[in-house]
Amino acid sequence: SSSPFTPSLLHAGFPPYNLSILTLEAGVQKFLITATTGVTGASTLASVSIPAYLQCHTPSDYASSVSCSSNIPLTGAQCIIDVGPATPCIFPMNTSTLAPGTHNITISNSNLSSSTSFVLKAYLQCHTPSDYASSVSCSSNIPLTGAQCIIDVGPATPCTFPVNTSTLVPGTHYITISYGNLSSSASFILEGEVGGEEER
């Protein structure tokens, strides 16, 4: 695209110029500067260094991926999350195996690189696989090893998914998972039968 531009090396009084951007990728890029009035056919080729950038964000609180944008060419680019191995960059990036908290991501391609960070919130999602299930299935990005779960106001017990709900009465229940300073809660509904008929 073109936009009005007056190069700093041109003194005041020169006609307006257009700066035609030939490419927007990171690195040293070429520009075509052309006079718009007063000088017929006057143009020159200049260059400028465009800094590399990387921006990332999680699309929702319970996201299992992170969306990113960068002006570094993706073809052949490598991405590193935290201190993990370098892998080909694919956006959005799968984050389902990452624990809650702040993570760093770096993209590199040849001599170009840029880094940024993103935050994953702790989440817990639960659902009953059927109307009369005796267990509830849950998923969370909080590490299960060492985590404690509480159903309603019951005692904290080691988390095991799916959660046995055979001793719970029909209705809405709450479950909380916690590990260190990480915690998240969710609710689920148990349907039931009374006298052989479905409870309404």
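Although no hydrogens or angles enter the test, the distance criterion places a donor-acceptor pair under 3.5 Å between the side chain of S140 and the main chain of Y123. Here the side chain of N71 pairs a donor or acceptor atom with the backbone of Y53 at under 3.5 angstrom. Of the possible donor and acceptor atoms, none in the side chain of N164 sits under 3.5 Å from a partner among the backbone N and O of S135. In terms of modelled atom types and a separation under 3.5 Å, the side chain of N109 and the main chain of P73 share a donor-acceptor contact.
Residues P170 and E191 have side chains not in contact (no heavy-atom distance under 4.5 Å, counting atoms from C-beta outward). Looking at heavy atoms from C-beta onward, P100 lies out of side-chain contact with K121 at the 4.5 angstrom threshold. Using a 4.5 Å heavy-atom threshold, the side chains of C138 and F188 count as separate.
Side-chain polar atoms of S115 and T106 form a donor-acceptor pair below 3.5 angstrom.
The structure places SG of C159 at 11.5 Å from OH of Y179, a figure rounded to the nearest 0.5 Å. Rounded to the nearest 0.5 angstrom, T97 OG1 and I81 CD1 are separated by 7.5 Å. Distance check, rounded to the nearest 0.5 Å: CZ of F118 to CD1 of I105 gives 6.0 Å. Rounding to the nearest 0.5 Å gives a distance of 10.5 Å between NE2 of H103 and OG1 of T58. Of the inter-residue distances, the one linking Q148 atom CD with S183 atom OG reads 13.0 Å to the nearest 0.5 angstrom. In this structure, CD1 on I177 lies 6.0 Å from CG on L124, to the nearest 0.5 angstrom.
Checked options S184, S185, C149; the residue passing with T176 is S185 (criterion: side chain to side chain contact (heavy atoms under 4.5 Å, CB included)).
Surrounding OH of Y174 are at most 12 heavy atoms belonging to other residues, nucleotides or ligands under 6.0 Å away. Few gaps surround CG on L144; more than 12 heavy atoms of other groups in view lie less than 6.0 Å from it.
Scanning all heavy atoms of the two residues, the minimum distance from A99 to L120 falls at O-CD1, 4.0 Å. Minimum heavy-atom separation, S113 to A52: O-CB, 3.8 Å. For the residue pair D152 and H173, the shortest heavy atom distance occurs at OD2-ND1, 2.7 Å.
Under the 4.5 Å side-chain heavy-atom criterion for Ile, Leu, Val, Met, Phe, Trp and Tyr, I107 and I80 are members of distinct hydrophobic clusters.
In this view, S96 and N94 satisfy the side chain to side chain donor-acceptor pair (under 3.5 Å) rule, not counting sequence neighbours.
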